[in-house]
Number of protein chains: 2
Amino acid sequence: MSIDINDALKALDNPARLAILAKLKDPRKNYPEQEVDPEQVGVCVSIIQERAGLSQSTISLYLTALQRAKLVTSQRIGPWTYYKRDEANIAEFLKQLQDLI
Amino acid sequence: MSIDINDALKALDNPARLAILAKLKDPRKNYPEQEVDPEQVGVCVSIIQERAGLSQSTISLYLTALQRAKLVTSQRIGPWTYYKRDEANIAEFLKQLQDLI
DNA sequence: CAAAGAAAACGAGATATTGCTATATTGGCA
DNA sequence: TGCCAATATAGCAATATCTCGTTTTCTTTG
């Protein structure tokens, strides 16, 4: 199903979550310590956490929130969970917002 | 000064405030009882309130919040306060958001 | 000046969010 | 199996937001 504009706005109404989504735009630059190709699989929680300077549990919570809002997807590979942007939904959200307001 | 993206997102993270901003796009259609030309001066608080179905104090607060976020401007004419969209800032917000995320 | 209407400010209770520490769960590996 | 690293979840106190009813302020008009 398609993205819900209010859910997306709620997820983005937090500077840390907004910054995470923004940084995931260029993961190679913003998360260079990520070894597995971030464009392919995403960036793992602990690396996102380091950069954000918040606790592990808070970051995990925030990533879950972004995922509930359908702005990112996650995939677990072994012990790691990788998060990456859902470009189609982000684009749809921006379009919906633009049309609405 | 220019708009702050986090302030704007905070203001829009509320379905009622989002709807008000959206409705102000076409005030003649959405607020037909407004007699003074809404494109010129805006729509007054009590008319916005009627349509929104929330208390007067809540609407007043919400409009103030939208104004603090610089998404609308207000002008008082006699006993009425008219609110209208700040198109330049709204466009700038959308552009900033698009560039950021 | 008094009265009335419009809007804003105030005060309050319910609910939500923030971000933490502590604990649980998951998966890989010796 | 038992241990360790990576995530997720639970529980919590502090703060913020929601939304109301009430009160105050502002403005026009009699």
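So you know, we letter chains A, B, ... as the sequences are listed, proteins then strands, and number each from 1.
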Given side chains that start at C-beta, do those of [X] and [Y] come closer than 4.5 Å, heavy atoms only?
{"X": "B:Leu12", "Y": "B:Phe93", "result": "yes"}
{"X": "A:Arg68", "Y": "A:Lys10", "result": "no"}
{"X": "A:Val72", "Y": "A:Ile20", "result": "no"}
{"X": "B:Gln34", "Y": "B:Pro27", "result": "no"}
{"X": "A:Pro38", "Y": "A:Lys84", "result": "no"}

Base, sugar-phosphate, or nothing: which does [X] touch, judged by heavy atoms less than 4.0 Å apart?
{"X": "A:Leu63", "value": "nothing"}
{"X": "A:Tyr62", "value": "sugar-phosphate"}
{"X": "B:Ser60", "value": "base"}
{"X": "B:Thr58", "value": "base"}
{"X": "A:Tyr82", "value": "nothing"}

Would you mind reading off the distance between [X] atom [atom1] and [N] atom [atom2], rounded to a whole angstrom?
{"X": "A:Ile47", "N": "D:dT7", "atom1": "CD1", "atom2": "P", "value": "8 Å"}
{"X": "A:Asn14", "N": "D:dT15", "atom1": "CG", "atom2": "C1'", "value": "14 Å"}
{"X": "B:Leu66", "N": "D:dT17", "atom1": "CG", "atom2": "P", "value": "14 Å"}
{"X": "A:Trp80", "N": "D:dT7", "atom1": "CH2", "atom2": "C1'", "value": "12 Å"}
{"X": "B:Gln75", "N": "C:dA8", "atom1": "CD", "atom2": "P", "value": "13 Å"}
{"X": "B:Leu61", "N": "D:dT23", "atom1": "CG", "atom2": "C1'", "value": "16 Å"}
{"X": "B:Tyr83", "N": "C:dA6", "atom1": "OH", "atom2": "C1'", "value": "12 Å"}
{"X": "B:Glu35", "N": "C:dA6", "atom1": "CD", "atom2": "C1'", "value": "15 Å"}

Could you check which of D:dT7, C:dA9, C:dA6 has an atom nearest any side-chain atom of B:Ser57?
C:dA9
Closest to the A:Ser46 side chain: C:dG19, D:dC26, D:dT7?
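So the side chain of A:Ser46 is nearest to D:dT7.
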Quick check against the 3.5 Å criterion: does B:Lys25 have a side-chain atom that pairs as donor or acceptor with the backbone of A:Ile101?
yes
Has the side chain of A:Ser55 got a donor or acceptor atom sitting under 3.5 Å from an opposite partner on the base of C:dG19?
no
Between D:dA6 and A:Gln56, counting only base atoms on the nucleotide and side-chain atoms on the residue, is there a donor-acceptor pair under 3.5 Å?
no
Nearest-nucleotide 5' precedence on DNA chain C, A:Gly78 against A:Leu54:
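It is A:Leu54, whose closest nucleotide lies nearer the 5' terminus.
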Closer to the 5' end of DNA chain C via nearest nucleotide, is it A:Ile59 or A:Pro79?
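That would be A:Ile59.
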Is the distance from OP1 or OP2 of [N] to the nearest side-chain N or O of [X] less than 4.0 Å?
{"X": "A:Thr81", "N": "D:dA6", "result": "no"}
{"X": "A:Lys10", "N": "C:dA16", "result": "no"}
{"X": "A:Arg76", "N": "D:dA8", "result": "no"}

